[in-house]
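Presented below is the structure to which this report refers.
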Amino acid sequence: MSLIMTILAITSVLSIILIIVSFWLPQMNPDAEKLSPYECGFDPLGSARLPFSLRFFLVAILFLLFDLEIALLLPLPWGNQLLNPLVTVSWATAILVLLTLGLVYEWMQGGLEWAE
């Protein structure tokens, strides 16, 4: 029982020390860059009826698409342990080839260019 109480005391003291240090350590110097809106560049307090950048939308959709690709390929190491891993590898290769062809097409059409 003494070991459990010692571990609880050490973790409690360490947690309190880390909480106190986290309040003292950061420097609070907000400037224009830190206070400006980010991500899509809209003013959060302004009008919601501003025109939306289609280029930002396309890049965001591409990001989500490739993020989904990672989620689809996550079970690949476990799929290689099946009786017939060739099927798993062929499906993964088909997904990668399809997404690579889509990325090349998007690149050739100029959809990844921010400035014209």
Side-chain angles (χ1 to χ4, degrees):
M1 201 58 148
S2 176
L3 180 63
I4 293 176
M5 292 304 289
T6 304
I7 291 173
L8 285 176
I10 290 173
T11 56
S12 298
V13 168
L14 186 61
S15 298
I16 291 171
I17 289 172
L18 289 175
I19 288 171
I20 291 171
V21 167
S22 72
F23 281 112
W24 284 337
L25 194 58
Q27 297 178 359
M28 301 300 257
N29 297 328
D31 57 358
E33 291 295 323
K34 288 183 182 178
L35 295 176
S36 66
Y38 56 96
E39 296 291 331
C40 61
F42 290 141
D43 183 17
L45 302 176
S47 174
R49 301 289 180 218
L50 294 174
F52 188 74
S53 171
L54 187 60
R55 188 151 320 260
F56 173 78
F57 176 74
L58 288 175
V59 171
I61 292 296
L62 281 173
F63 173 76
L64 289 176
L65 180 69
F66 285 102
D67 197 35
L68 179 64
E69 170 203 354
I70 298 297
L72 288 173
L73 294 177
L74 275 177
L76 188 60
W78 291 280
N80 284 336
Q81 298 174 2
L82 295 174
L83 295 175
N84 191 2
L86 185 63
V87 174
T88 305
V89 172
S90 63
W91 277 108
T93 304
I95 290 172
L96 286 175
V97 166
L98 182 67
L99 287 172
T100 304
L101 289 175
L103 179 64
V104 168
Y105 175 76
E106 190 72 29
W107 195 346
M108 293 301 204
Q109 295 295 319
L112 300 177
E113 299 292 329
W114 281 107
E116 297 186 31

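Note that the coordinates shown come from a computational prediction; the quantities given were computed from them, not determined experimentally. Heads up: numbering here begins at 1 and tracks the sequence.
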Rounded distance [0.5 Å steps], [atom1] in [X] versus [atom2] in [Y]:
| X | Y | atom1 | atom2 | answer |
| --- | --- | --- | --- | --- |
| Leu14 | Ile19 | CG | CD1 | 10.0 Å |
| Leu25 | Ile20 | CG | CD1 | 13.0 Å |
| Leu101 | Glu106 | CG | CD | 13.0 Å |
| Met5 | Ile10 | CE | CD1 | 12.0 Å |
| Leu62 | Asp67 | CG | CG | 12.0 Å |

I'd like to know if the side chain of Ser90 and the backbone of Val87 have a donor-acceptor N/O pair within less than 3.5 Å. yes
Joint cluster assignment, [X] & [Y], ILVMFWY side-chain distance < 4.5 Å:
| X | Y | result |
| --- | --- | --- |
| Trp24 | Ile16 | yes |
| Trp107 | Phe66 | yes |
| Leu96 | Val104 | no |

Side-chain contact test, heavy atoms from C-beta onward, threshold under 4.5 Å: evaluate it for Leu103 versus Leu65 and give yes or no. no
Considering the options Leu99, Thr93, Leu98, which one meets the side-chain contact (heavy atoms from CB on, under 4.5 Å) requirement together with Ile95? Leu99
